[in-house]
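Just follow the structure's listing: the first ligand is 1, and inside any ligand the first atom is 1. Small disclaimer: the values here were computed from a predicted structure and weren't measured.
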Amino acid sequence: MSSPMAVSDQVTRYAALLDDAAREAREVAQFDTDNRLSLDDAYAIQSASIARRLARGERRVGVKMGFTSRAKMLQMGLSDVIWGRLTSDMQIEEGGSSLFSRYVHPRVEPEIAFVLKRELAGDVTGPEALAAVEAVAPALEIIDSRYRDFKFTLPEVIADNASSSGFVLGAWRDPKLDFGNLGLTLSLDGRVVQVGSTAALLGHPLRSLVAAARLSAAAGEPLQPGWIVMAGGATPAEWIRPGQYVSVDMEQLGSAGFHVKV
Ligand code: OOG
Ligand code: MG
């Protein structure tokens, strides 16, 4: 990506490629084979692909954080915290269902989610971040990389909106509850497949919210009241299959789940 003209052409082209792939549940080949995509280019592609969703009538509803646990970093072989943008069409009703055919090769991971009651931007402390939280909830994220074999470089996954595909939120709870180290399990058809803790998220999930506030503000999109922030997968992600019921159970916070519809 050399001249500014070439940059904007490429951003538009890759944003369309990834957005179409997501819409049609079709995989694409990795395109940064010579490692030339910068992180700024990658976030520009992500932003342009989200602009296409918003132009189709989806609403922006928040932010998702990625690679905030060691388990996820190890599973995907990448170690930098990344973020993506959540839109209204990604939300799956708690206890509802999502069609398997909407996805290329979906995986699920247990997370904790925040909903904000006020704007949160820039370099904030943990207590400042907590003061902006309206409520917390157990959550599931469905990640579905658009890249063949779920393989990507760091800029590629950023361009692909950090593999965002769907999310499920359990009941909202009072953030006064100490959610820094809550045990959790991920189950497929009632069988526990992953065990973890909210402490896996940078030592405390609030640190993920602090990072979200900094990164979003730096991108010119400060976290807004009413926005949801997904703190990141606390365990490695699991493949899901048609017909399964997927659920997360979190100490004190309760559970959330959905059916993978055939
Ligand atoms: C990238 C998204 C990472 C998380 O919670 O760490 C992520 C991926 O693993 O495909 O959502
Ligand atoms: Mg995630």
Trainee: Salt bridge or not between Arg60 and Glu221? Use side-chain N to carboxylate O under 4.0 Å.
Mentor: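 Salt bridge present between Arg60 and Glu221.
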Trainee: Which of the atoms in ligand 1, numbered in the order shown and given with their element, are less than 4.0 Å from a heavy-atom of Phe152?
Mentor: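 Answer for ligand 1: 8 (C), 10 (O).
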Trainee: Mind checking what makes side-chain contact (heavy atoms from CB on, under 4.5 Å) contact with Ala212, not counting sequence neighbours?
Mentor: Val63, Met65, Leu223, Val229
Trainee: Going by the order shown, which atoms of ligand 1 are within less than 4.0 Å of some heavy atom of Gly232?
Mentor: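 Near Gly232, the atoms of ligand 1 are 5 (O).
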Trainee: Would a distance-only check, ignoring hydrogens and angles, find a side-chain to backbone donor-acceptor pair under 3.5 Å from Arg146 to Asp144?
Mentor: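 Yes: the side chain of Arg146 pairs with the backbone of Asp144.
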Trainee: Can you name the atoms of ligand 1, numbered from 1 with element, that are less than 4.0 Å from a heavy atom of Ile143?
Mentor: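 Listed by number with element: 8 (C), 9 (O), 10 (O), 11 (O).
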Trainee: Determine whether the aromatic ring centres of Phe67 and Trp83 lie less than 6.0 Å apart.
Mentor: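 Between Phe67 and Trp83, the centre distance exceeds or equals 6.0 Å.
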Trainee: Can you tell me how the ring of Phe31 sits relative to the ring of Tyr14, calling it parallel under 30°, perpendicular over 60° and tilted otherwise?
Mentor: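 The arrangement is parallel - the two ring planes meet at less than 30°.
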Trainee: Provide the closest heavy-atom pair for Glu27 versus Asp149 in the form atom of the first, atom of the second, distance.
Mentor: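 Where Glu27 meets Asp149 most closely, the heavy atoms are OE1-N, 4.2 Å.
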Trainee: Report yes or no: does Glu111 have a heavy atom closer than 4.0 Å to ligand 1?
Mentor: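 Checking ligand 1 against Glu111, which is what was asked, there is a heavy-atom contact under 4.0 Å.
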Trainee: For ligand 1, which atoms sit closer than 4.0 Å to a heavy atom of Gly233?
Mentor: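 What qualifies from ligand 1 is 4 (C), 5 (O), 6 (O).
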Trainee: Any idea which part of Glu141 is under 4.0 Å from ligand 1, heavy-atom wise: side chain, backbone, both or neither?
Mentor: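 Only the side chain of Glu141 comes within reach of ligand 1.
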Trainee: How far is atom 8 (C) of ligand 1 from its nearest protein heavy atom, and which residue and atom name does that atom have?
Mentor: Ser163 OG, 3.6 Å
Trainee: What residue and atom, counting heavy atoms only, is the protein's closest point to atom 6 (O) of ligand 1, and at what distance?
Mentor: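 Closest protein heavy atom to atom 6 (O) of ligand 1: Phe67 N, 2.8 Å.
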Trainee: Take every heavy atom of Lys64, measure it against each atom of ligand 1, and state whether any distance is under 4.0 Å.
Mentor: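 Flag set, Lys64 near ligand 1.
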Trainee: Can you sort out which atoms of ligand 1 are near Met65, meaning under 4.0 Å from one of its heavy atoms?
Mentor: 4 (C), 5 (O)
Trainee: Does a side-chain heavy-atom distance below 4.5 Å link Arg85 with Ser49?
Mentor: no
Trainee: Under 4.0 Å from a heavy atom of Gly66: give me the atoms of ligand 1 that qualify, with their elements.
Mentor: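 Listed by number with element: 3 (C), 4 (C), 6 (O), 7 (C).
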Trainee: Under 3.5 Å, is there a donor-acceptor pair linking the side chains of Gln30 and Arg148?
Mentor: no
Trainee: What protein heavy atom lies closest to atom 9 (O) of ligand 1? Include the residue and the distance to one decimal.
Mentor: Lys72 NZ, 2.8 Å
Trainee: Note the single closest protein heavy atom to atom 4 (C) of ligand 1, along with its residue, its atom name and the distance in Å.
Mentor: Glu109 OE2, 3.2 Å
Trainee: Go through ligand 1 atom by atom and flag the ones less than 4.0 Å from a non-hydrogen atom of Val157.
Mentor: 1 (C)
Trainee: Compute the minimum heavy-atom distance from Ala162 to ligand 1 and say whether it is under 4.0 Å.
Mentor: yes
Trainee: Supply the members, apart from Val195, of the Ile/Leu/Val/Met/Phe/Trp/Tyr cluster built from side-chain contacts under 4.5 Å; use none for a lone residue.
Mentor: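 Traced through the cluster, Val195 reaches Val192.
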Trainee: Is a side-chain donor or acceptor of Glu156 paired with a backbone partner of Asp32 at a separation under 3.5 angstrom?
Mentor: yes
Trainee: Do Trp227 and Phe114 have ring centroids that are under 6.0 Å from one another?
Mentor: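 No - the distance between ring centres of Phe114 and Trp227 does not fall below the 6.0 Å cut-off.
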Trainee: Taking Glu109 first and then Lys72, would you say they form a salt bridge - that is, a charged N and a carboxylate O separated by under 4.0 Å?
Mentor: yes
Trainee: Could you tell me which residues satisfy ring pair (Phe, Tyr, Trp, His ring centres under 6.0 Å) with Phe258, sequence neighbours excluded, listed by chain and number?
Mentor: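 With sequence neighbours excluded, Phe258 shows a ring pair (Phe, Tyr, Trp, His ring centres under 6.0 Å) to no residue whatsoever.
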Trainee: Using a cut-off of 2.8 Å, count how many protein N, O or S atoms are strictly closer to the Mg ion (ligand 2).
Mentor: 3
